[in-house]
Amino acid sequence: MKLDTKAIRYLTAEDWRVLTAVEMGSKNHEVVPTSLIAQISGLRGGSGVHRSISNLAKVDLIAKVKNAKYDGYRLTYGGLDYLALNTYRKRKAVYSVGNQIGVGKESDIYVVSDEKGVQRVLKIHRLGRISFRTVKANRDYLRNRSSGSWMYMSRLAAVKEFTFMQALRDNDFPVPEPLSQNRHTIVMSLIDAFPLRQISSVADPATLYAQLMAMILRLASFGLIHGDFNEFNILIEEKPKDQNADETKGHGSDAVTVNPILIDFPQMVSIDHPNAEMYFDRDVNCIKRFFERRFHFISDESGPTFSDARAELSKGGLKRLDVEVEASGFSKKMAKELEKYMGFVGATGDGQTDESQKQDDEEADEDTEEEDPSDKEIKDGVEDVSKQLNDQHGRAQQSSDTG
Ligand SMILES: Nc1ncnc2c1ncn2[C@@H]1O[C@H](COP(=O)(O)OP(=O)(O)OP(=O)(O)O)[C@@H](O)[C@H]1O
């Protein structure tokens, strides 16, 4: 679905209250009865509630659902988008929404501006929008999920991305600046660069290759494995070597430095994760394979191994970011829930070969029974996340399940 902001300026204060009420009601009702919407919004009795409900339904921010027992409404992704945008507007994080610049498998990327006209990136997570082609085993499971459970998973993905981006940025990793997070979305700085995937040649592949391998190892030294390190998730920023250099020298091989920027880490895991070694090797091999195919570059060295990664970690002296993120907003419980989902959709990264995809599908198959989250779990989860989101600023949560 597309983000269509046309209707946003026509919503009245009452419409916003009703939209918020539908969201709140969704926490424990898959279909929110009209009477509950009226009650939560505090607009009881007047014709206002009904007018707002019909306004919101007309522009698809809520949708009418006929239940066996009663009729009611559910929030749509459009409604959730509007609520997030309204929060950003109040926080002065986003003033206007511009063009869509990216469509990921499960996200939409927009350029937005703040009040001063500074451009930023709004990333909207849309889990559940997977390509059913790639999902063999769990097709029915996925189709039968309620929209609320997708929204919940999308929130988890946004919280994960924001928490990791903050931790990485704080430790001088080249990632966009995380600016704000709300619901299923994040706002980050705009990187003026192309994905590695779109780059047909580089002046010095050996240097870029070494930079990328060093980044994989440096992540490990902080306790992290990326898990999806590939040409889609790395932007290549080219900067003149000497900012004051004479422009007439042009941008030949000596005139630019090449900075890889990591923009996406949907599968980042701890180096202590049971599959850490597999993820690590896959990251290394992804880059090797890409450099060979695209730049016909083969390194003399075999590339870092998982024991190199472990050795980096045991040098010590650095923070354990895998532990830090758990304490600062993305708990182990949230990680597990998101991982379950990833297992279901076989969402194992852009850079994977068919073979490993097949393997993952088989693994997901075996786990089907056990991994079906109940409605209760989903509801509890929604509450957890709302709490997390409310608490997010400035508080390092003591997670009870860090052990
Ligand atoms: N901060 C940013 N600055 C500039 N461009 C960005 C930024 N973030 C994302 N993009 C653009 O949007 C595209 C998709 O972004 P991203 O990889 O984060 O989405 P995704 O849904 O995770 O994609 P997929 O799962 O298909 O890899 C990127 O390839 C890039 O071109």
Side-chain angles (χ1 to χ4, degrees), residues 1-3 77 81 88 93-94 97-114 118-135 150-151 153-166 168-169 173-181 184-200 212 215 226-239 259-269 279 282-283 286-287 290 294 338-339 341-353 356-357 360:
M1 67 146 293
K2 284 264 157 85
L3 171 63
Y77 255 123
D81 294 351
Y88 288 136
V94 174
V97 177
N99 291 333
Q100 182 166 6
I101 54 163
V103 190
K105 283 188 302 296
E106 294 189 283
S107 75
D108 292 322
I109 315 274
Y110 292 86
V111 173
V112 296
S113 301
D114 70 5
V118 177
Q119 293 193 317
R120 302 172 154 189
V121 163
L122 169 70
K123 178 166 177 177
I124 306 180
H125 285 270
R126 303 223 190 270
L127 270 60
R129 185 179 70 184
I130 33 111
S131 149
F132 285 103
R133 265 183 309 123
T134 62
V135 185
W150 294 130
M151 290 180 188
M153 289 299 163
S154 298
R155 284 174 195 236
L156 284 188
V159 171
K160 175 174 185 179
E161 182 165 26
F162 194 74
T163 313
F164 275 100
M165 202 180 280
Q166 275 179 321
L168 292 173
R169 180 89 181 184
F173 281 92
V175 294
E177 183 186 355
L179 297 168
S180 205
Q181 193 275 318
H184 59 321
T185 69
I186 69 172
V187 178
M188 61 184 135
S189 62
L190 174 73
I191 308 292
D192 183 17
F194 290 109
L196 178 56
R197 189 184 150 66
Q198 287 175 29
I199 309 251
S200 52
L212 294 174
M215 207 194 297
H226 186 283
D228 196 20
F229 200 87
N230 61 53
E231 65 273 22
F232 296 88
N233 295 331
I234 297 158
L235 300 185
I236 300 297
E237 201 177 48
E238 288 187 312
K239 283 210 170 124
N259 294 328
I261 315 246
L262 200 51
I263 53 161
D264 192 21
F265 10 88
Q267 315 215 58
M268 190 88 94
V269 292
Y279 286 133
R282 197 172 74 189
D283 283 354
C286 240
I287 295 301
F290 180 77
R294 179 66 56 88
L338 200 54
E339 213 175 304
Y341 166 82
M342 297 280 188
F344 268 116
V345 300
T348 39
D350 318 283
Q352 264 199 98
T353 61
S356 47
Q357 177 74 59
D360 282 336

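From a predicted model like this one, the values you see are computed outputs, not experimental measurements. Both ligands and their constituent atoms are indexed starting at 1 by order of listing.
When each atom of ligand 1 is checked for a heavy atom of P195 under 4.0 Å away, the hits are 29 (O), 31 (O). The contact set between ligand 1 and M188, taken as ligand atoms under 4.0 Å from a residue heavy atom, comprises 1 (N), 8 (N). If you number the atoms of ligand 1 from 1 as listed, the ones under 4.0 Å from a heavy atom of I263 come out as 9 (C), 17 (O), 28 (C), 30 (C). Each of the atoms 5 (N) of ligand 1 lies under 4.0 Å from some heavy atom of I101. Here is the list of ligand 1 atoms found below 4.0 Å of a heavy atom in D264: 16 (P), 17 (O), 18 (O), 20 (P), 22 (O), 27 (O).
In this structure, S189 is part of the shell of residues with a heavy atom less than 4.0 angstrom from ligand 1. Using a non-hydrogen distance threshold of 4.0 Å, P266 does not register as a contact of ligand 1.
Between F194 and Q198, the closest heavy-atom pair is CD2-OE1, 3.4 Å.
Under 4.0 Å from ligand 1, not a single heavy atom of D192 appears. In S107, the parts holding a heavy atom less than 4.0 Å from any atom of ligand 1 are both the side chain and the backbone.
For atom 3 (N) of ligand 1, the nearest non-hydrogen atom from the set N233, I191, L235 belongs to I191. Checking I234, V121, L127, L190 against atom 7 (C) of ligand 1, the nearest heavy atom belongs to V121.
For F265, there are no ring-ring contact (aromatic ring centres under 6.0 Å, His included) partners, not counting sequence neighbours. Legend: residues meeting ring-ring contact (aromatic ring centres under 6.0 Å, His included) with H184, ordered by chain and number and at least two apart, are Y77.
R294 places none of its side-chain heavy atoms less than 4.5 Å from the side chain of L196. Residues Y88 and S180 meet the side-chain proximity criterion, which asks for heavy atoms closer than 4.5 Å.
Some N or O of K123 is nearer than 3.5 Å to an N or O of ligand 1, by distance alone.
In terms of modelled atom types and a separation under 3.5 Å, the side chain of E106 and the main chain of H125 share no donor-acceptor contact. Under the 3.5 Å distance criterion, the side-chain polar atoms of N233 are matched with a main-chain donor or acceptor of D228.
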| Does the side chain to side chain contact (heavy atoms under 4.5 Å, CB included) test come out yes or no for Y110 and L3, once each step is laid out? | CA-CA 9 Å; Y110 292 86; L3 171 63; 3.3 Å; yes
